[in-house]
Amino acid sequence: MERLKSAVPAELRRAVGEGTAADLPSTTSRLLAFLEALPLFRQVIGELTDPELALCRKDKGRAAELKGKGNACFSKREFEQALGFYSQKLGLLEECLQDCDRAISVSPNYAKAWYRRGMVNASFRNYSSSIHDLEVALSMEVTSSGKSNIEQELKLILQKHQNVNEVGTSSSNCINADMPHTEQQPKVILECTSTPNKGRGMTSPNDISPASLIHAEDPLAVIIMKSCRDTHCHYCFSEAPADVVFCPSCTIPIYCSNRCQENAIVQTSCNQNTRLESNNNVVDIAKLSVTSTKSKTPDSKQIAEHRHECGGAHWAAVLPADIVLAGRIMAQYIEKQLLAGKRSTISGPNLDLVHHYDQDSSASKFESHIYATVLFLCLQSYYKSGVSWAEDSLSQLVLLICQIKVNSIAIVHMKSMDGGKALTKGFSGFSGDAMCSVEQVRVAQAIYMSGSFFNHSCRPNIHAYFHSRALILRSTEYIKAGSPIELSYGPQVGEMDLPERQKSLRENYYFSCGCSSCSLLSLSDLVMNSFCCPQSNCPGAVSELIHHRRKENFVHVSIGESHDVSKFDEDIVKVGKLFFKSDTMLNIDPGFCMSCRSQLDLSYAVAMSDRATSKINRLMELPSLDNVPEVLIAEALQSLEHIEKLRHPYSKALAQAHDTIAEAFAKVGDQEQARKHCEASIKILEKLYHPRHIIIAHELIKLVSIELSMGDGARAAAAFARADAIFLLYYGPDVKRILPYVDALRRTVSDRCAM
């Protein structure tokens with residue numbers, strides 16, 4: 001692509017970069033005319049669309065080999081290894097259920113597979129299925145010890161099943177047995193309103209309670225990230241087992257089950273409407289219930305969501321994910337037009353989403369033109385003479401790519417960074433290297449039509465998460481009727497300071513945030529990257545930034561017109577006392593304390609802090625922490641002392657230093673020190689975020705694993721209760737299926753407390 005870009009004359013590149021959305025018909029047609037006459041362009045398109053060069057054909061042998069290896073353990077009757085691919089280790093119950101299904105289908109007489117499936121069903125409270133599976137396992141088990149074990153489990157589950165029936169809970173709904181508080185809540189009514197400052201956004205005419213289900217929606221279109229293409233199911237985006245299911249037409253998409261392969265079929269109807277009509281600035285959001293692409297109507301047909309990408313072309317494996325996503329949306333639109341009998345008016349879908357093309361950089365405009373042209377020719381190659389394209393088709397494709405850049409949402413899954421080992425080994429396994437943590441894995445990119453109506457806040461009142469490919473939004477606090485219902489587009493208070501958040505939002509979404517956290521004085525923004533005041537008795541913070549009250553530029557802070565100190569947390573008043581003086585204008589230059597104006601040698605403080613942090617981070621660069629030299633631990637602790645003297649007590653650098661050292665101590669088995677530094681890190685993060693932020697819950701999980709390693713079940717239970725309350729606030733009853741490692745840890749804590 002770079003050679004293709006460099007071949008375009010400077011004058012044409014300039015015309016594209018300086019043009020507006022109104023100029024697109026001209027700039028796209030000029031670029032297309034130039035490229036079609038370019039031998040290099042014809043070569044590129046040929047390589048992307050030639051069946052003989054397609055990756056799906058090259059990979060058939062390799063794919064068959066991988067599938068054979070995945071199934072080899074079954075044919076050798078090595079079922080223990082087969083079931084242990086990853087489900088048992090990670091505690092992922094849904095994936096474990098799929099593995100058991102595979103084992104039973106291959107060897108119906110394998111008692112252990114029936115037994116394990118029965119136990120998984122019991123974990124889901126699906127007691128009827130569990131009882132059936134255990135009874136089958138009991139009839140097949142040949143050893144007396146095995147029969148005794150199954151009989152004991154069966155007795156316990158029969159009792160649980162009886163208890164459920166006594167309270168009137170149907171076993172068919174037992175997976176949702178922990179959902180009554182959610183089901184009893186009234187359905188949240190949403191309205192899309194328009195304001196001068198933020199444009200369209202979501203509100204509700206009613207008050208919304210914390211942990212309420214706000215919205216759930218399947219994507220209009222979705223594409224798996226390239227980094228996950230060989231490791232995750234292309235439909236549900238869970239980690240794929242060894243015996244994956246392939247697309248019948250090619251070997252690029254892989255699925256974790258036949259069900260996911262079947263679900264990757266899109267229902268296309270000529271009556272589908274992706275636009276929400278507005279009336280007096282209020283959109284009818286009756287459609288904002290759980291939406292699905294699976295509803296079949298008489299005027300619909302089934303197509304694989306990637307059908308236009310397979311069968312002899314590999315452009316979808318080469319082009320960037322957002323461009324492939326644009327191709328999927330365009331293909332859906334074309335199929336709908338063809339279904340309606342329209343073959344001469346193919347233009348482009350009207351998604352009614354902002355695109356900000358005019359605000360885009362010249363380089364980005366040119367890149368969008370290049371990729372739109374390549375995608376246009378690839379789609380033409382697939383549909384051939386079956387589609388006649390309108391004159392503005394290419395222009396619409398450029399705008400569609402820009403809409404995806406601004407409106408697409410990254411689908412992320414939570415993953416235990418230690419592979420889940422610390423969470424599923426049981427109490428006896430919690431020793432030595434027991435500190436567990438999690439990370440977000442970006443697995444896919446999607447467009448959610450209704451979800452795109454929710455505006456951003458740096459301190460959001462709803463939380464977005466995903467089950468399979470479905471977007472789920474849940475309230476994290478009480479929301480008063482008529483108040484904005486807002487999620488985070490990424491930047492949040494505590495994660496970034498004010499300048500970082502504004503820069504990220506301007507570069508990626510083309511707006512400056514005016515949320516309450518960006519408009520009013522915030523403790524987190526003042527301290528997260530700050531240093532201690534050189535006066536030892538002053539609690540003020542020294543920043544590398546210019547702070548300017550009531551003026552744009554620099555760091556804009558406001559405390560309101562009344563200067564009412566009582567409205568603010570006492571920490572803010574101590575750290576930034578100067579902001580509460582009656583001066584109408586106030587400048588605080590870099591290196592000066594925000595409380596007493598004492599000056600700090602900022603360049604020296606920054607250099608020393610960075611040096612100390614670098615020494616601490618060396619602990620994480622070691623290939624193994626099993627035998628860490630004592631001198632390295634001592635050096636890290638000394639560096640921590642330097643950071644404590646330099647950085648403000650609430651700075652993020654100090655929190656990260658404590659966290660790194662806590663992990664190092666946990667690895668070498670000094671759990672007492674690990675606990676001390678983990679708790680210190682959490683206390684700082686509670687100041688930067690807030691005590692009930694989801695980040696705090698994940699940090700508490702680390703503390704729980706440390707407490708278990710020390711054998712302190714009471715403290716582990718107390719820490720887990722704090723974390724669990726936050727998880728329930730953010731995920732409601734979905735905690736078990738979204739965060740299975742949390743449920744695994746819950747069982748471990750419960751078992752420990754019962755001992």
Side-chain angles (χ1 to χ4, degrees), residues 1 4-5 16 21 24-25 27-28 31-32 35 44-45 48-49 218-226 229 234 252-253 264 266 268 272 274-275 293 303-310 313-338 346-357 360 363-383 387 389-390 392-411 442 444-449 451-452 469 508-510:
M1 288 299 169
L4 204 57
K5 294 176 186 177
V16 170
L24 279 173
T27 56
T28 53
L31 181 63
L32 178 61
L35 290 175
V44 168
I45 298 300
L48 292 174
T49 58
D218 279 341
L220 171 68
V222 62
I223 182 69
I224 195 167
M225 304 306 296
K226 287 187 177 182
R229 192 164 55 199
H234 286 220
I252 292 180
V266 178
T268 299
Q272 285 178 338
T274 57
R275 180 169 181 161
T293 58
I303 61 168
E305 61 183 354
H306 73 288
R307 187 181 70 169
H308 59 287
E309 302 164 9
C310 68
H314 73 285
W315 55 267
V318 175
L319 299 180
D322 54 345
I323 306 303
V324 181
L325 184 57
R328 290 194 172 187
I329 294 174
M330 193 68 175
Q332 280 189 36
Y333 170 76
I334 293 171
E335 295 292 344
K336 184 172 69 172
Q337 296 295 98
L338 294 177
I346 300 298
S347 175
N350 180 8
L351 299 185
D352 195 22
L353 299 175
V354 297
H355 53 73
H356 295 303
Y357 178 83
D360 220 346
S364 183
K365 289 177 181 177
F366 178 60
E367 187 173 77
S368 296
H369 272 66
I370 290 290
Y371 279 121
T373 307
V374 171
L375 179 59
F376 181 67
L377 269 293
C378 289
L379 291 173
Q380 274 193 339
S381 174
Y382 175 76
Y383 286 102
V387 169
W389 302 85
D392 65 342
S393 296
L394 188 51
S395 300
Q396 292 299 316
L397 200 50
V398 172
L399 292 180
L400 176 59
I401 290 172
C402 293
Q403 287 174 322
I404 288 172
K405 289 180 179 178
V406 177
N407 295 279
S408 65
I409 295 177
I411 298 178
R442 182 174 178 175
Q445 184 177 359
I447 287 288
Y448 297 92
M449 289 305 301
S452 65
R469 55 175 54 194
N508 295 294
Y509 301 100
Y510 305 95

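Predicted, not measured: the structure shown is a model, and the values here were computed from it.
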Original post:
Would you call the rings of Tyr382 and His308 parallel, tilted or perpendicular, where under 30° means parallel and over 60° means perpendicular?
Top reply: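 Answer is perpendicular, since the angle exceeds 60°.
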Decide yes or no for [X] and [Y]: does some side-chain heavy atom of the first lie under 4.5 Å from some side-chain heavy atom of the second?
X: Asp360; Y: Cys402; answer: yes
X: His355; Y: Val398; answer: no
X: Ile223; Y: His306; answer: no
X: Val354; Y: Tyr509; answer: no

Say you draw a straight line from [atom1] of [X] to [atom2] of [Y]; how long is it, rounded to the nearest 0.5 Å?
X: Ile45; Y: Gln380; atom1: CD1; atom2: CD; value: 9.5 Å
X: Leu379; Y: Ser393; atom1: CG; atom2: OG; value: 10.0 Å
X: Leu397; Y: Leu375; atom1: CG; atom2: CG; value: 5.0 Å
X: Leu220; Y: Arg328; atom1: CG; atom2: CZ; value: 12.0 Å
X: Gln396; Y: Ile401; atom1: CD; atom2: CD1; value: 12.0 Å
X: Ile224; Y: His234; atom1: CD1; atom2: NE2; value: 4.0 Å

Over all atoms of both residues, closest heavy-atom pair of [X] and [Y]:
X: Asn407; Y: Ile447; value: C-CD1, 3.9 Å
X: Leu394; Y: Phe376; value: CD1-CB, 3.8 Å
X: Pro349; Y: Tyr333; value: CA-CD1, 3.7 Å
X: Lys5; Y: Ile370; value: CG-CG1, 4.1 Å
X: Ala316; Y: Val324; value: O-CG2, 3.5 Å
X: Pro320; Y: Tyr371; value: CD-CE2, 3.5 Å

Original post:
Can you check side chain to side chain contact (heavy atoms under 4.5 Å, CB included) on Gln445 and Ile404, steps first, answer last?
Top reply: CA-CA 9 Å; Gln445 184 177 359; Ile404 288 172; 4.0 Å; yes
Subject >> Flag for Ser368-Lys405: side-chain donor and acceptor within less than 3.5 Å >> reply: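 Per modelled atom types, Lys405 and Ser368 side chains form a pair under 3.5 Å.
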**OP:** Please report the C-alpha distance between His369 and Thr28 in whole Å, then the side-chain angles of each, then the deciding distance to 0.1 Å, and finally whether the side chain to side chain contact (heavy atoms under 4.5 Å, CB included) criterion is met.
**Re:** CA-CA 7 Å; His369 272 66; Thr28 53; 3.7 Å; yes
Subject >> Residues in side chain to side chain donor-acceptor pair (under 3.5 Å) contact with Gln403, at least two apart in sequence or another chain >> reply: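 With sequence neighbours excluded, Gln403 shows a side chain to side chain donor-acceptor pair (under 3.5 Å) to no residue whatsoever.
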Original post:
Can Leu351 and Ile329 be said to form a side chain to side chain contact (heavy atoms under 4.5 Å, CB included), step by step?
Top reply: CA-CA 10 Å; Leu351 299 185; Ile329 294 174; 4.3 Å; yes
**OP:** Mind running side chain to side chain contact (heavy atoms under 4.5 Å, CB included) on Ile334 and Trp389 for me, showing each step along the way?
**Re:** CA-CA 10 Å; Ile334 293 171; Trp389 302 85; 3.4 Å; yes
